[in-house]
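Below is one structure, written out as structure tokens; the observations come after it.
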Amino acid sequence: VKAVRDVSFHVNKGEIVAIVGESGSGKSVTVQTIMGLIPKPPAIINSGSVFLEDVDLMTLSKKQMKKVNGSKMSMVFQDPMTSLNPTMKIGNQIAEVLTVHKNMSKSEAKEKAIEMIRLVGIPNPEERYDQYPHEFSGGMRQRAMISIALACNPDLLIADEPTTALDVTIQAQVLELMKDLKTKINTAIILITHDLGVVAETAERVIVMYAGMVVETSSVDEIFTNPKHPYTWGLLESIPDTTTTSEKQRLIPIEGTPPDLFSPPKGCPFAPRCKYAMEICVGQMPPEFEIKEGHTARCWLNDSRSPAPEDVYQERGERV
Ligand code: SF4
């Protein structure tokens, strides 16, 4: 399976970049590769580099990567219950990161761990230090995970759908916390999500992935006001309208399914689902068109020789 192809992006210090796309679009494989968590075999990385400042992580040994993970970059997973050790007190799990990566003594690590528990907004940190994960609520466990991830002040924090398992109130609190920490610690954050509401609330820039490729990248404002890829249009259209009171509101799905990545199509991977598809789309992979500085879209409609989307749509109206 060619899970990820030609993916290239950067994240600045103190910036939140969101990666969006449906399941199987390559979001998680991308970040697991950055973290060196992708098991090899079965995975094969044919080429490419991942620079954290001026170090190419792809050239590091497993041992060197272990040092980087946890100290210079760390990850928050979707489900804290499967990531936290159920047999270990929360405080010890945070302190362990500090003794391993920062060579702190046990008492120093405990003090810092309590400070981290306080920083992520968990009340009574001294008491909470001695509790087990099952004594925490879902939201509190996710906060505990974030405090472990941030214990060593990493340069890069990767959050893989960190709020999917949480209800909306707790989700809002965790996102607020991440924004707050970004400002306080100046950490660069990659946020993986399929929820454009979360993107609008949290991120500064967006990367839209489809079939293992980046199909559009831009600032958050631009993606909502001037999107340039039919897949992004589909994602935006599928957001439920919260302003309507009609009980009969129908969600607009993106019809069809993603291509089989065992043999990715030669042309645009979105072509079989795209109501604007033209002849060239099937035969040739669209290049990355620069719409303006910081905004690119991989779609032939952005070629100056292309007809306007409405004209293509009208011609192919019967397919829609
Ligand atoms: Fe649709 Fe063609 Fe653009 Fe692909 S390149 S998204 S098929 S219009």
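Remember, it's 1-based here, ligands and their atoms both numbered in the order they're listed. In what follows, residues are counted from 1 in the order of the sequence shown. A quick note: this is a predicted structure, and the numbers were derived from the prediction, not measured.
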I'd like to know if E222 and R205 make a salt bridge, using a cut-off of under 4.0 Å between side-chain N and carboxylate O.
no
Hey, are K106 and E111 close enough for a salt bridge, meaning a charged N less than 4.0 Å from a carboxylate O?
no
Please determine which of K27, E161, E22 meets the side chain to side chain donor-acceptor pair (under 3.5 Å) test together with H194.
E161
Everything protein-side that's N, O or S and under 2.8 Å from atom 4 (Fe) of ligand 1: list it, residue and atom.
C268 SG
Which residue pairs pass the ring-ring contact (aromatic ring centres under 6.0 Å, His included) test with at least one member in residues 119-155, sequence neighbours excluded?
none
Side chain to side chain contact (heavy atoms under 4.5 Å, CB included) partner of M88, chosen from N92, I90, L84:
N92
Take the angle between the ring planes of Y210 and F270 and call it parallel below 30°, perpendicular above 60°, tilted in between.
perpendicular
